[in-house]
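The structure appears below as structure tokens.
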Amino acid sequence: MPHNDPESMSLFDIELRLLLEAIQAKYQHDFRGYSMASLRRRLGRALEDLRVDSLSQLQHRVLREPAVFARLMQYLTVQVSEMFRDPSYFRALREAVVPVLKTYPSVKVWVAGCSSGEELWSLAILFAEEGLAERTIFYATDINPEALRCAREGVYAVERMAGFSTNYLAAGGKASLSDYYHASYGGAHFSRDLIGQAVFADHSLATDNVFSEVHLVSCRNVLIYFNRELQDRAVGLFGESLVRRGFLGLGSQESLRFSRHAADFEPVVPAERVYQRR
Ligand SMILES: C[S@@+](CC[C@H](N)C(=O)[O-])C[C@H]1O[C@@H](n2cnc3c(N)ncnc32)[C@H](O)[C@@H]1O
């Protein structure tokens with residue numbers, strides 16, 4: 001359905017478009033380039049949970065109550081993550097990317113759309129095991145402040161550790177995941193030494209620009225929520241941010257196949273969506 005043709009738009013879609021405009025104008029968060037099918041589903045759920053009858057009513061409240069926008073952020077963004085999610089991706093980094101990174105005196109890694117930090121802490125463990133920790137600076141960015149707070153803390157429910165440990169071992173982990181955290185009050189607290197001087201920042205792939213030159217961008221399961229144009233914007237940022245021959249890792253359901261910037265990269269481990277800037 002063409003979403004820009006008001007004749008064919010449902011009321012819900014019209015209200016959705018207006019809500020996104022309102023959020024952009026009031027909070028400078030731009031969700032207008034997100035995949036509409038997925039936004040529709042999640043905002044439908046928000047209406048039920050927040051007990052509001054229509055997106056127009058929700059818009060009224062969002063414009064007046066920042067706390068409602070903060071709650072809505074949990075619906076506008078998807079926070080699902082795991083440590084060593086898709087273990088074969090981390091194995092590919094270990095085998096194909098780490099040996100190249102080891103040739104640099106210092107390494108910068110950008111974890112874009114880091115959510116609550118599971119991907120960051122996984123990379124930090126992998127880098128520590130490969131002897132890269134001392135020379136690496138991690139940049140972890142997201143637009144969700146609550147997620148960034150969790151990422152910085154590095155504390156996860158102990159019930160999640162069994163699954164994370166299985167992933168870690170499948171990813172080629174060299175020790176036991178429990179070597180990296182201590183359990184207390186139901187939380188697994190990961191050692192701060194792992195992430196060193198990591199920088200956590202509010203950065204939007206939709207509206208912000210490049211902030212550093214990096215050797216690896218890991219941006220997994222973020223582009224799937226964007227439309228083609230916004231995906232192109234994000235991949236353009238990654239290309240500008242990477243050093244020549246720097247690496248880009250995407251999620252298992254993402255690829256550069258249809259990207260405007262595809263020619264700027266070559267696949268390194270195609271099955272794991274690991275690319276290298278030309
Ligand atoms: C499903 S999580 C992915 C987490 C992690 N990368 C992983 O693969 O496990 C998607 C993350 O992208 C973030 N995100 C959504 N839009 C973004 C944007 N415009 N810029 C940066 N991050 C964004 C969300 O807040 C969320 O934390």
Side-chain angles (χ1 to χ4, degrees), residues 20 23-24 27-36 38-39 41-43 46 69-90 92-93 109-126 138-154 156 160 163-164 167-168 170-171 190 195 198-212 214 216-238 240-241 248-255 272-274:
L20 300 184
I23 289 173
Q24 202 277 328
Y27 298 102
Q28 291 78 52
H29 274 290
D30 195 350
F31 293 97
R32 293 173 301 178
Y34 284 48
S35 141
M36 282 300 145
S38 164
L39 270 183
R41 263 196 314 277
R42 286 181 274 123
L43 285 171
F69 174 64
R71 280 191 75 185
L72 193 61
M73 197 68 165
Q74 303 303 328
Y75 296 90
L76 290 165
T77 61
V78 176
Q79 299 305 320
V80 182
S81 190
E82 307 173 1
M83 286 187 83
F84 296 96
R85 180 182 196 176
D86 305 319
S88 49
Y89 169 76
F90 289 90
L93 291 187
V109 177
W110 178 15
V111 186
C114 66
S115 187
S116 32
E118 290 86 339
E119 183 182 349
L120 165 74
W121 287 89
S122 307
L123 287 170
I125 289 170
L126 192 161
F138 289 101
Y139 296 94
T141 62
D142 204 285
I143 56 167
N144 186 317
E146 179 55 21
L148 275 175
R149 192 187 59 72
C150 296
R152 196 179 284 116
E153 278 185 357
Y156 303 103
R160 301 180 71 194
F164 291 179
N167 285 354
Y168 162 75
F190 280 82
I195 55 168
V199 176
F200 294 87
D202 175 348
H203 178 279
S204 173
L205 297 168
T207 49
D208 291 323
N209 291 320
V210 166
F211 58 89
S212 182
V214 301
L216 165 65
V217 175
S218 191
C219 181
R220 312 199 65 226
N221 308 297
V222 180
L223 299 185
I224 33 167
Y225 300 106
F226 294 175
N227 67 20
R228 180 67 48 76
E229 200 182 327
L230 189 50
Q231 289 179 1
D232 276 342
R233 182 189 198 277
V235 175
L237 280 188
F238 301 152
E240 282 173 46
S241 165
L248 168 65
L250 301 178
S252 61
Q253 294 169 59
E254 298 159 337
S255 93
E272 301 304 332
R273 313 296 198 245
V274 178

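Note that the coordinates shown come from a computational prediction; the quantities given were computed from them, not determined experimentally. When a ligand or atom number is given, it counts from 1 through the structure's own listing order.
Of all the heavy atoms of Glu118, none lies under 4.0 Å from any atom of ligand 1, so neither backbone nor side chain is involved. The proximity of Phe226 to ligand 1, defined as any non-hydrogen pair under 4.0 Å, is limited to the side chain. Contact annotation: for Thr77 versus ligand 1, heavy atoms closer than 4.0 Å belong to the side chain alone. By the criterion of a heavy-atom distance under 4.0 Å, the side chain of Glu119, and not its backbone, is placed next to ligand 1. Contacts between Ala147 and ligand 1, counted as non-hydrogen atom pairs separated by less than 4.0 Å, are absent for every part of the residue.
The shortest N or O to N or O distance between Asp142 and ligand 1 is under 3.5 Å. Residue Tyr225 has no nitrogen or oxygen atom sitting less than 3.5 Å from a nitrogen or oxygen atom of ligand 1, judged on distance alone. Checked against a 3.5 angstrom limit, the closest N/O atoms of Asn144 and ligand 1 fall outside it. Residue Arg220 places at least one N or O, backbone or side chain, under 3.5 Å from an N or O of ligand 1. Remark: ligand 1 and Leu205 share an N or O pair separated by less than 3.5 Å (distance only, no angle test).
Of the possible polar contacts, one joining the Ser204 side chain to the Ala206 backbone as a donor-acceptor pair under 3.5 Å is found. Looking at Glu254, its side chain does come within 3.5 Å of a backbone N or O of Ile224 through a donor-acceptor pair. Proximity of a side-chain donor or acceptor of Arg220 to a complementary backbone N or O of Leu250 within less than 3.5 Å is detected. In this structure a side-chain-to-backbone donor-acceptor pair under 3.5 Å is present from Asp142 to Ser115.
Within 6.0 Å of the CD atom in Glu153, the count of heavy atoms belonging to other residues, nucleotides or ligands exceeds 12.
Here CG of Asn227 is found 9.0 Å from CG of Asp232. Values are rounded to the nearest 0.5 Å.
Atoms of ligand 1 lying under 4.0 Å from at least one heavy atom of Ser115, given by number and element, are 4 (C), 27 (O). Listed by number with element, the atoms of ligand 1 under 4.0 angstrom from any heavy atom of Asn221 are 1 (C), 2 (S), 3 (C), 7 (C), 8 (O), 10 (C).
The nearest protein atom to atom 22 (N) of ligand 1, hydrogens excluded, is given as Gly113 CA, 3.7 Å; this is a heavy-atom distance. Atom 21 (C) of ligand 1 has its closest protein heavy atom at His203 O, 3.4 Å. Of all protein heavy atoms, the one lying nearest to atom 7 (C) of ligand 1 is Arg85 NH1, 3.2 Å. Looking only at protein heavy atoms, the nearest one to atom 2 (S) of ligand 1 is Val78 O, 3.1 Å. The shortest contact between atom 12 (O) of ligand 1 and any protein heavy atom is with Val222 CG2, 3.6 Å. From the protein, the heavy atom lying nearest to atom 9 (O) of ligand 1 is Ser81 OG, 2.6 Å. Nearest protein heavy-atom neighbour of atom 18 (C) of ligand 1: Tyr34 OH, 3.5 Å. Among protein heavy atoms, atom 23 (C) of ligand 1 sits closest to Ile143 CG1, 3.8 Å.
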Next item on the list: Could you give me the CA-CA distance, side-chain angles and deciding distance for Ile23 and Leu72, then say whether side chain to side chain contact (heavy atoms under 4.5 Å, CB included) is met?
Entry: CA-CA 10 Å; Ile23 289 173; Leu72 193 61; 4.0 Å; yes
Checklist line | Test log, rule side chain to side chain donor-acceptor pair (under 3.5 Å), inputs Arg85 and Ser81 | finding: CA-CA 7 Å; Arg85 180 182 196 176; Ser81 190; 4.5 Å; no
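Under 3.5 Å, the side chains of Thr77 and Asn144 contain a donor-acceptor pair of N or O atoms. In this model, a donor atom of one side chain and an acceptor atom of the other lie less than 3.5 Å apart for Ser218 and Glu119.
A pairwise comparison of heavy atoms in Leu205 and Arg233 identifies O-NH1, 2.8 Å as the closest pair.
Ring centroid separation for the pair Tyr168 and Phe84 comes in under the 6.0 Å cut-off. Taking the ring centroids of His29 and Phe69, they lie under the 6.0 Å cut-off.
Under the 4.0 angstrom criterion for non-hydrogen atoms, Ser204 is in contact with ligand 1. The closest approach between a heavy atom of Met73 and any atom of ligand 1 is not below 4.0 Å.
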